[in-house]
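Remember, it's a predicted structure, so these values are computed and weren't measured experimentally.
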Amino acid sequence: MTTPRKERTGVLLSRAAALIAVVTVVGLLPWLSGRDPALSVLRARSAEQEPTEEALRAVREQLGLESGPVALLGGWFGAVVRGDLGRSWVSGGEVLPSVLSGLGVSLALMGAALFLALVLACSLCARTLIRGARGTPDTSGGGGTGAPAAALAALPEFLIATLLMVALSVWLGWFPPYGWQEPRHLVLPALALGIPAGGLLGRLAEDALPAVFAERWVELWRSSGCTPGRIGRAALRRALPAVLPQLGLVAVGLTGGAVAVETVFAVPGIGRTALGAAESQDLPLLQGAVLALVLLGLLAGLIAQTARRWMLGPGLRDASLSLPARRPARAGRLRVAVPVACAVLLVVVIGWGLLLDPLYVDTAARLGAPGGAHPLGTDALGRDVLARVGHGAATTVGIAVLVCLGSYLLAMIVGFLPALASGASETANAVPPVIAGILVAAVLGPGSLGASIAVALVSWPALAAHAAALVQETRAAGHLTAQRAIGSPPRWILLHHLLPAVAGPVARHAVLRLPGIALALASLGFLGLGAQPPAPEWGLTLSESLPYVERAPWAVLTPAAMLLLLAMLAVSLSTLPAPAAGRGPIARVRARALRPERSTAR
């Protein structure tokens with residue numbers, strides 16, 4: 001059995017390994033990019049200068065590129081330890097002041113977003129907390145605020161940012177759409193980052209509180225005359241340690257989401273700095289910005305773990321704090337109808353769009369309103385929006401299916417090696433998809449292949465951790481002990497017990513992650529790191545139409561609506577209760593098959 005001290009050591013080692021891996025990749029970007037760094041520097045300094053061998057040799061000597069990648073990495077790391085991030089290849093200025101300036105802006109934005117997230121999370125779980133403290137039974141069917149919270153958590157930050165800009169800035173004119181000059185510019189970016197983070201925290205807290213109120217000490221305190229306020233405070237303190245580790249994940253989500261949000265609202269933060277450096281091939285500035293983003297996410301996770309240990313206290317610090325499982329609610333007709341309606345609407349729109357040409361340009365119909373010829377209007381080039389949305393599903397959803405399938409297969413392989421899967425989740429959580437996309441784009445260049453690799457790198461570890469947990473649980477089951485006792489071969493046990501017990505739950509988990517993978521790909525396309533023009537990818541289509549949002553909002557709202565439907569489909573599927581264990585036909589067949597084996601074991 002693994003001791004708590006060993007578990008903490010494993011977590012620290014996994015974080016250290018993640019940091020070392022990212023630092024190594026960042027330090028070797030000049031060599032991993034596949035381009036001549038000297039040529040990039042020469043073009044950045046003077047686009048007219050002829051790239052002769054003498055000029056390139058002079059640049060290599062100046063940057064120390066002739067010493068090789070190992071010496072370059074050692075020199076870069078030594079300079080970072082001394083606080084020197086080098087000089088920009090484009091501007092020639094020092095990188096450190098630019099990184100610190102962007103980091104200060106991003107920290108202010110993330111602080112405001114985290115405050116809004118906590119306020120939203122408290123409002124989402126307030127009803128459950130009050131009812132549980134008063135002892136009022138929940139007659140909502142188990143739904144509570146879980147579905148709205150899950151809906152908010154499933155929305156990507158760049159989509160919320162776009163919708164907020166259209167509604168509150170373009171239509172209502174309440175807030176400025178761009179810039180960073182006054183406090184009013186902070187509101188929309190903070191809302192775009194805080195809404196999904198608050199939805200995630202609110203859902204986790206709302207799911208944890210009913211299990212706390214079901215514990216025996218609550219009824220004992222209530223019968224002893226304790227006030228509902230005191231019971232509510234104690235229950236909240238009991239549930240928070242189980243939720244606090246998610247604050248680190250929320251901070252990582254804010255780190256990755258800040259890149260897209262800062263791009264939408266033209267905020268001069270560290271995320272926008274990293275994206276601009278990747279687009280201009282300014283590798284020293286990209287190295288410093290990505291390193292700052294990764295360190296920020298790791299620091300947030302460390303603070304969250306420290307806060308959890310402090311809240312547990314010395315008595316429970318080394319104990320495994322777990323909450324009883326919440327009893328799943330019965331699926332009503334409305335909860336089943338929502339995913340069906342979302343799926344039907346997606347199929348109808350995509351099927352209709354596939355009948356049209358997404359690349360046909362009608363210059364006379366540029367930014368045309370919806371009508372008979374173009375049911376959803378046209379974009380800035382006169383291309384039919386419905387056609388681009390329909391054909392973009394193959395790029396957005398089709399690639400997501402392939403990434404999801406590859407992640408599932410890899411997770412099933414790695415899941416049977418628990419030692420290999422133990423630190424994978426920590427490593428993946430330290431690098432958001434957007435940061436992985438920036439790194440992969442710096443190496444392979446922007447495109448669908450690079451975006452797929454970036455999302456796959458951070459998608460499979462969660463499935464692998466799930467598979468590893470199921471493998472360990474199944475191997476420790478009593479009926480497998482009986483199988484080994486009667487001499488069943490390991491291969492028979494693997495094929496007839498382990499694989500059926502693991503493959504199904506992990507497959508359902510992978511299906512629930514499919515819309516999230518599609519949204520991550522759309523996010524990279526929106527930032528210009530994924531599919532390139534003229535591909536009709538949803539994120540790219542939204543990004544291309546965003547500058548014309550005031551004249552043609554339908555060109556922005558249509559791909560946004562498709563992404564919203566995809567998020568709603570994911571939420572509705574995730575909130576459906578799983579089939580009760582042991583009641584399905586497979587479970588009944590397995591139970592009948594095990595009866596003679598148990599009698600033989602006697």
Side-chain angles (χ1 to χ4, degrees), residues 29 33-35 40 43-44 89-90 102 106 156-162 165 177-178 189 192 255-283 285-287 289-290 293 358-359 379-381 383 388-389 391-392 395-396 399-400 403 431-458 517-549 555-556 559-560 562-563:
L29 277 178
S33 61
R35 307 173 185 87
S40 300
R43 288 178 176 174
W89 287 359
V90 176
S106 295
E157 291 85 358
F158 79 94
L159 179 57
I160 298 178
T162 303
M165 177 184 288
Y178 307 107
T255 302
V259 179
V261 172
E262 290 172 1
T263 302
V264 172
F265 294 107
V267 176
I270 189 66
R272 188 170 176 231
T273 300
L275 184 62
E279 293 174 348
S280 62
Q281 287 295 309
D282 191 353
L283 293 184
L285 183 57
L286 176 61
Q287 288 173 334
V290 170
L293 286 169
L359 301 180
D379 63 5
L381 297 179
R383 297 172 298 190
R388 294 187 63 79
V389 165
H391 287 266
T395 306
T396 306
I399 295 180
V403 172
V431 183
V434 173
I435 306 302
I438 291 176
L439 292 175
V440 174
V443 176
L444 300 178
S448 299
L449 177 61
S452 304
I453 293 175
V455 176
L457 287 175
V458 296
I517 292 174
L519 294 175
L521 291 170
S523 178
L524 294 179
F526 176 81
L527 294 173
L529 302 173
Q532 299 298 297
E537 195 267 338
W538 289 351
L540 178 61
T541 301
L542 197 155
S543 177
E544 291 176 338
S545 303
L546 191 59
Y548 311 97
V549 62
V556 173
M562 299 299 290
L563 292 170

Is there a side-chain contact between R388 and L359, using heavy atoms and a 4.5 Å cut-off? yes
Find the distance between CG (L159) and CD (E157) and round it off to the nearest 0.5 Å. 10.0 Å
Is any side-chain heavy atom of R383 less than 4.5 Å from a side-chain heavy atom of P534? yes
So does V556 get a backbone contact from the side chain of S545, meaning a donor-acceptor N/O pair under 3.5 Å? no
Please report the shortest heavy-atom distance between Q532 and G447, naming the atom on each side. NE2-N, 4.1 Å
Counting N and O atoms only, with roles assigned by atom type, does the side chain of W538 sit under 3.5 Å from a partner on the main chain of L563, one being a donor and the other an acceptor? no
Which atom of A274 lies closest to which atom of I438, heavy atoms considered: CB-CD1, 4.2 Å
Between V440 and L449, is there a side-chain heavy-atom distance shorter than 4.5 Å? no
Is any side-chain heavy atom of D379 less than 4.5 Å from a side-chain heavy atom of Y548? no
Calculate, to the nearest 0.5 Å, the distance between atoms CD and OG1 belonging to E537 and T396 respectively. 4.0 Å
Heavy-atom side-chain proximity of S448 to I399 below 4.5 angstrom: yes
I need the minimum non-hydrogen distance between L540 and P533, along with the two atoms involved. CD2-N, 3.6 Å
Tell me, with the steps shown, if L275 and L529 meet side-chain contact (heavy atoms from CB on, under 4.5 Å). CA-CA 9 Å; L275 184 62; L529 302 173; 4.0 Å; yes
Kindly indicate whether the side chain of E262, heavy atoms from C-beta on, has any atom under 4.5 Å from the side chain of P189. no
Does V261 reach the side chain of F158, with side-chain heavy atoms less than 4.5 Å apart? no
In Å and rounded to the nearest 0.5 Å, what is the CZ to OG1 distance from F265 to T162? 7.5 Å
Side-chain (S106) to main-chain (I270) donor-acceptor, under 3.5 angstrom: yes
Within-4.5 Å side-chain heavy-atom neighbours: M165 and V264: yes
Heavy-atom closest pair (G437 atom, L524 atom, distance to 0.1 Å) is CA-CD2, 4.0 Å
For residues G530 and A451, report the shortest heavy-atom separation together with the two atoms involved. CA-CB, 3.7 Å
Any idea which heavy atoms bring P559 and T541 closest together, and the distance? CG-CG2, 4.2 Å
